[in-house]
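First the structure, then my questions, so here it is.
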Number of protein chains: 2
Amino acid sequence: MSILNFFGRAPKKSAEAARERLQILLAHERAGLQGTDFLPQLQREILDVIRRYVEVDDERVQVSLDREQHLSVLEVNIELPVSGQRR
Amino acid sequence: MSILNFFGRAPKKSAEAARERLQILLAHERAGLQGTDFLPQLQREILDVIRRYVEVDDERVQVSLDREQHLSVLEVNIELPVSGQRR
């Protein structure tokens with residue numbers, strides 16, 4: 001996987017477009033069909049952890065969950081306020 | 001990004017090779033160079049959260065951190081015991 005393409009595009013460089021972003025991908029590969037799918041619960045707890053480090057506006061959080069037979073992938077995209085950056 | 005290639009290969013199907021795996025990718029795109037890089041600390045707390053849901057053997061956890069100018073990517077791969085699966 002290309003890290004440079006992780007966000008689908010290169011980081012913006014202009015000051016106007018300056019944004020901080022945090023992307024979380026959680027993938028759970030299950031051996032059996034009945035494996036517990038704990039990703040949605042995990043997502044809430046991980047967001048709580050992240051809030052200890054940065055300011056997270058609920059309106060700036062996008063979550064998508066993709067469930068397949070043996071693989072669940074949870075993607076969380078968070079746009080962070082640049083003001084939250086410590087300089 | 002192709003979800004099917006998330007683990008670099010398709011999930012194994014034979015019973016012998018049955019494994020549960022959890023992969024976590026955390027990417028932090030910083031607007032400035034001095035942005036706080038909190039991913040290593042976040043990693044520990046996220047592992048603590050995951051341990052509430054599944055049994056995690058420290059020897060089965062692989063962590064890599066890739067730091068670039070504006071982007072840090074933390075990758076955590078955890079092999080879960082199949083016995084930990086609730087059936």
Side-chain angles (χ1 to χ4, degrees), chain A residues 1-15 17-39 41-46 48-50 52-54 66 68-82 84-87, chain B residues 1-15 17-39 41-46 48-50 52-54 66 68-82 84-87:
Chain A
M1 181 183 124
S2 166
I3 285 172
L4 289 175
N5 291 325
F6 195 63
F7 284 108
R9 58 181 175 78
K12 289 179 181 174
K13 284 177 183 172
S14 75
R19 284 281 170 200
E20 297 248 335
R21 291 198 297 164
L22 191 64
Q23 186 179 45
I24 304 153
L25 282 170
L26 280 163
H28 184 204
E29 182 183 325
R30 295 180 303 279
L33 295 179
Q34 296 89 359
T36 309
D37 190 358
F38 51 85
L39 294 191
Q41 290 89 330
L42 205 54
Q43 167 214 328
R44 281 191 292 272
E45 296 203 44
I46 286 175
D48 287 342
V49 167
I50 288 167
R52 293 178 206 156
Y53 293 92
V54 285
D66 186 273
E68 296 183 22
Q69 201 172 29
H70 291 280
L71 182 66
S72 293
V73 178
L74 176 75
E75 182 176 344
V76 182
N77 287 287
I78 305 168
E79 196 174 296
L80 305 172
V82 176
Q85 200 179 337
R86 292 165 208 161
R87 289 190 177 182
Chain B
M1 182 182 126
S2 167
I3 284 170
L4 289 174
N5 290 324
F6 196 62
F7 285 106
R9 57 181 178 74
K12 288 179 182 175
K13 284 178 183 172
S14 76
R19 282 281 170 201
E20 297 248 334
R21 292 197 298 164
L22 190 65
Q23 186 179 45
I24 304 153
L25 282 170
L26 279 163
H28 184 203
E29 183 183 324
R30 294 180 304 279
L33 294 179
Q34 296 88 358
T36 309
D37 190 358
F38 51 84
L39 293 191
Q41 291 88 329
L42 205 55
Q43 168 213 327
R44 283 192 291 272
E45 296 202 44
I46 286 175
D48 288 342
V49 167
I50 288 167
R52 293 179 207 155
Y53 293 93
V54 285
D66 186 273
E68 296 183 22
Q69 202 173 29
H70 291 279
L71 181 67
S72 292
V73 179
L74 176 74
E75 182 176 344
V76 182
N77 287 288
I78 306 167
E79 197 173 296
L80 305 171
V82 176
Q85 201 180 337
R86 291 165 207 161
R87 290 190 176 181

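So you know, we letter chains A, B, ... as the sequences are listed, proteins then strands, and number each from 1.
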Using non-hydrogen atoms only, which part of Glu75(A) is less than 4.5 Å away from chain B: side chain, backbone, both, or neither?
neither
Shorter than 4.5 Å, heavy atoms on both sides: which option in Val76(B), Leu42(B), Ile78(B) has the most such pairs with chain A?
Leu42(B)
When Glu20(B) is tested against each of His70(A), His28(A), Glu29(A) for side chain to side chain contact (heavy atoms under 4.5 Å, CB included), which residue passes?
His28(A)
Chain A contact via Ile50(B) - side chain, backbone, both or neither, heavy atoms under 4.5 Å:
both
Distance col, row Leu26(B):CG vs Leu26(A):CG, nearest 0.5 angstrom, shows 7.5 Å
side-chain contact (heavy atoms from CB on, under 4.5 Å) for Leu22(A) and Leu39(B)? Distances and angles first, verdict last.
CA-CA 10 Å; Leu22(A) 191 64; Leu39(B) 293 191; 4.2 Å; yes
How long is the gap from CD on Glu45(B) to CG on Asp48(A), to the nearest 0.5 Å?
11.0 Å
